[in-house]
Amino acid sequence: MKAVVYHDVGDIRLEDVPEPRILAPTDAIVRITASAICGTDLHFVRGTVSGMQPGTILGHEGVGIVEELGADVRNLQVGDRVVIPSTIACGNCSYCRAGYFAQCDGANPNGKEAGTSFYGGPQTTGPFHGLQAEKARIPFANIGLVKLPPEISDDQAILLSDIFPTGYFGAEMAEVGSGDTVAVFGCGPVGQFAIASAKLLGAGRVFAIDQYDDRLRMAQRQGAETINFNREDPVEAIKRLTGGIGVDRAIDAVGVDAEHGCCGSKPAEGATSGALWQPGDAPAQALEWAVQSLAKAGTLSIIGVYPPDAMTFPIGMAMNKNITINMGNCHHRKYIPRLIEMVQARRIDPAKILTQVKPMTDVIAAFEAFDRRENGWIKVELQPQRGDAQGSEEQILDEAVADTFPASDPTTVQNPR
């Protein structure tokens with residue numbers, strides 16, 4: 001089967017790999033009908049998050065059809081259509097039972113202190129082969145697969161695998177409540193869903209901070225007040241627009257790659273892709289701005305990805321403002337069922353965030369365009385089962401985005417917790 005395989009920093013390849021097999025009675029094999037490219041994938045390809053093992057299949061977002069089940073998977077049937085939560089959890093340990101699926105004690109083979117397991121990540125996360133492939137092995141499938149209702153499309157479901165739950169998690173950790181003023185730093189896909197989720201939780205005002213006009217336009221369609229940090233100081237703008245008070249809640253949806261070095265170079269011998277990405281120094285600029293922008297006794301939520309060795313944080317300013325800080329990896333399995341219900345109820349249409357849908361055969365070019373931050377490239381869906389015979393031309397969806405994206409009337413929606 002075809003899969004996107006990591007070989008080295010800047011070197012990923014679409015190549016033939018063996019099909020996955022059932023290895024444990026709680027496994028399932030899923031034929032992937034939709035995957036996606038995430039900013040987290042770029043952390044690994046750029047080398048800003050280290051520890052990737054050559055030969056690892058990339059990708060942690062997936063939707064598909066169950067093809068084979070282990071003997072102990074008793075809540076699913078072959079042929080079921082499912083969404084795959086990005087983080088892997090056993091469902092049995094005390095953390096899973098308390099809803100902390102990202103801190104599962106049983107999933108990570110590196111031990112209880114190793115941290116979150118997810119698909120397509122570095123050695124410290126497992127590693128587990130990812131979902132940018134035609135098929136995938138899903139461990140703990142009774143927990144790690146969520147059956148989809150027929151009215152939810154693949155385009156909607158692929159956003160439920162990771163980024164919608166992560167954005168909602170970020171807004172919930174920010175303790176967003178009725179009437180709150182919120183700042184979201186970073187208007188990529190997760191940031192867009194953080195904006196939408198803040199509104200769904202009752203926010204009165206949302207500021208969206210980024211440097212890219214296409215992302216800011218999408219945020220503005222949601223009713224966010226946009227700030228381009230290349231054109232004005234975001235902290236000064238927020239303070240001015242809030243009467244000198246600042247925001248009640250701030251969400252860092254950027255992470256380590258707030259800025260990155262990038263240069264073209266000669267492809268590795270045999271590589272499908274040019275080695276475009278190089279590690280760069282990434283200041284924690286979003287964190288500094290977030291702390292500076294918060295009102296006294298505000299709440300900071302951090303959902304942007306930072307490596308374990310990241311050490312920079314404005315602790316003194318945060319302490320002296322009595323700021324509450326919540327952070328971490330999303331417990332996807334906890335949120336997906338409730339978000340499915342919200343999509344079914346037409347409170348939100350997550351597919352409106354998609355800007356490109358590409359066949360797997362175009363994946364390397366899609367990675368390159370996504371890394372270059374080409375205009376209009378906000379979220380890319382991959383279709384592993386779609387080949388050249390069906391056409392490999394780019395499908396652009398940006399012009400179809402409704403002015404009401406993504407929620408029909410978010411301020412009237414009650415907190416679904």
Side-chain angles (χ1 to χ4, degrees), residues 99-100 102 159-160 162-210 218-227 234-235 238-239 241-243 245-255 286-287 289-304 318 321-332 334-336 338-339 341-343 345 347-348 350 353 404-417:
Y100 296 103
L159 285 316
L160 294 168
D162 178 21
I163 62 170
F164 186 8
T166 301
Y168 193 92
F169 174 63
E172 188 175 81
M173 283 200 303
E175 302 174 342
V176 175
S178 179
D180 281 347
T181 297
V182 182
V184 176
F185 291 87
C187 297
V190 170
Q192 297 293 336
F193 278 111
I195 293 167
S197 299
K199 286 181 166 290
L200 289 168
L201 292 172
R205 298 175 73 186
V206 179
F207 293 100
I209 301 92
D210 206 293
M218 185 175 278
Q220 193 175 55
R221 290 187 184 115
Q222 300 200 62
E225 302 176 52
T226 58
I227 297 172
V235 178
I238 288 171
K239 290 291 182 69
L241 294 169
T242 58
I245 297 171
V247 295
D248 306 301
R249 320 292 172 199
I251 301 171
D252 172 8
V254 183
L287 283 177
W289 284 339
V291 172
Q292 291 168 355
S293 301
L294 275 164
K296 293 181 290 185
T299 305
L300 171 63
S301 169
I302 305 172
I303 50 175
K321 294 175 79 171
N322 280 69
I323 287 174
T324 298
I325 303 170
N326 295 311
M327 68 188 88
N329 295 319
C330 179
H331 312 295
H332 296 90
K334 174 181 177 180
Y335 294 99
I336 289 173
R338 77 172 70 164
L339 299 181
E341 292 179 358
M342 293 172 69
V343 176
R347 292 176 171 175
I348 187 166
I353 201 172
T404 54
F405 165 78
S408 57
D409 189 8
T411 60
T412 67
V413 177
Q414 298 299 311
N415 185 345
R417 280 184 285 181

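In what follows, residues are counted from 1 in the order of the sequence shown.
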(message) Testing the basics here: between Gly99 and Lys334, what is the closest heavy-atom pair and its distance to 0.1 Å?
(response) O-CD, 3.8 Å
(request) Answer whether the closest heavy-atom distance between the side chains of Val247 and Val182 falls below 4.5 Å. (result) no
(request) Give a yes or no answer on whether the side chain of Lys321 reaches the backbone of Val291 with a donor-acceptor pair at less than 3.5 Å. (result) yes
(message) Rounded to the nearest 0.5 Å, what separates atom NZ in Lys239 from atom CD1 in Ile245?
(response) 10.5 Å
(request) Return the minimal non-hydrogen interatomic distance between Ile251 and Ala174, and the atom names on each side. (result) CG1-CB, 3.9 Å
(request) Taking the side chain as every heavy atom from C-beta outward, state whether Cys187 and Gln192 have any pair of such atoms under 4.5 Å apart. (result) yes
(message) To the closest 0.5 Å, what do you measure between CG (Leu294) and CG (Asn322)?
(response) 12.0 Å
(message) Using side-chain heavy atoms (C-beta onward) and a distance below 4.5 Å, is Leu201 in contact with Asp180?
(response) no
(request) Could you walk me through whether Arg205 and Leu241 pass side-chain contact (heavy atoms from CB on, under 4.5 Å), step by step? (result) CA-CA 11 Å; Arg205 298 175 73 186; Leu241 294 169; 4.1 Å; yes
(request) Kindly compute the distance separating CE (Met173) from CZ (Arg249), expressed to the nearest 0.5 Å. (result) 13.5 Å
(request) Check each of Ile227, Val184, Val235 against Ile209 using the side-chain contact (heavy atoms from CB on, under 4.5 Å) test, and report the only one that passes. (result) Ile227
(message) Can you classify the ring geometry of Phe193 versus Phe164 as parallel (below 30°), tilted (30 to 60°) or perpendicular (above 60°)?
(response) parallel
(request) Heavy atoms only: give me the nearest Ala253-Gly186 pair and the separation to one decimal. (result) CB-O, 3.9 Å
(message) Return the CG to CZ distance between Leu160 and Arg338, rounded to the nearest 0.5 Å.
(response) 13.0 Å
(request) Assess whether side-chain contact (heavy atoms from CB on, under 4.5 Å) is satisfied between Ile348 and Val343, documenting all intermediate values. (result) CA-CA 5 Å; Ile348 187 166; Val343 176; 4.2 Å; yes
(request) Could you tell me whether the side chain of Asn326 and the main chain of Ser301 form a donor-acceptor pair under 3.5 Å? (result) no
(request) Starting from the C-alpha separation in whole Å, work towards a yes-or-no answer on side-chain contact (heavy atoms from CB on, under 4.5 Å) for Phe207 and Thr181. (result) CA-CA 8 Å; Phe207 293 100; Thr181 297; 3.7 Å; yes
(request) State, to 0.1 Å, how close Tyr168 and Ser197 come at their nearest heavy-atom pair, and which atoms those are. (result) CA-OG, 3.2 Å
(message) Testing the basics here: between Gly170 and Ile303, what is the closest heavy-atom pair and its distance to 0.1 Å?
(response) CA-CG2, 3.6 Å
(request) Heavy atoms only: give me the nearest Ala318-Ile325 pair and the separation to one decimal. (result) CB-CD1, 4.4 Å
(message) Pro189 and side-chain contact (heavy atoms from CB on, under 4.5 Å): which single residue from Asp162, Thr166, Ile353 fits?
(response) Ile353
(request) Nearest 0.5 Å please: distance from the CG atom of Leu300 over to the OG atom of Ser293. (result) 10.5 Å
(message) Quick check: do Val206 and Gln222 have side-chain heavy atoms less than 4.5 Å from each other?
(response) no
(request) Give, for atom CD of Glu225 and atom CD1 of Ile195, the distance between the pair rounded to the nearest 0.5 Å. (result) 11.5 Å
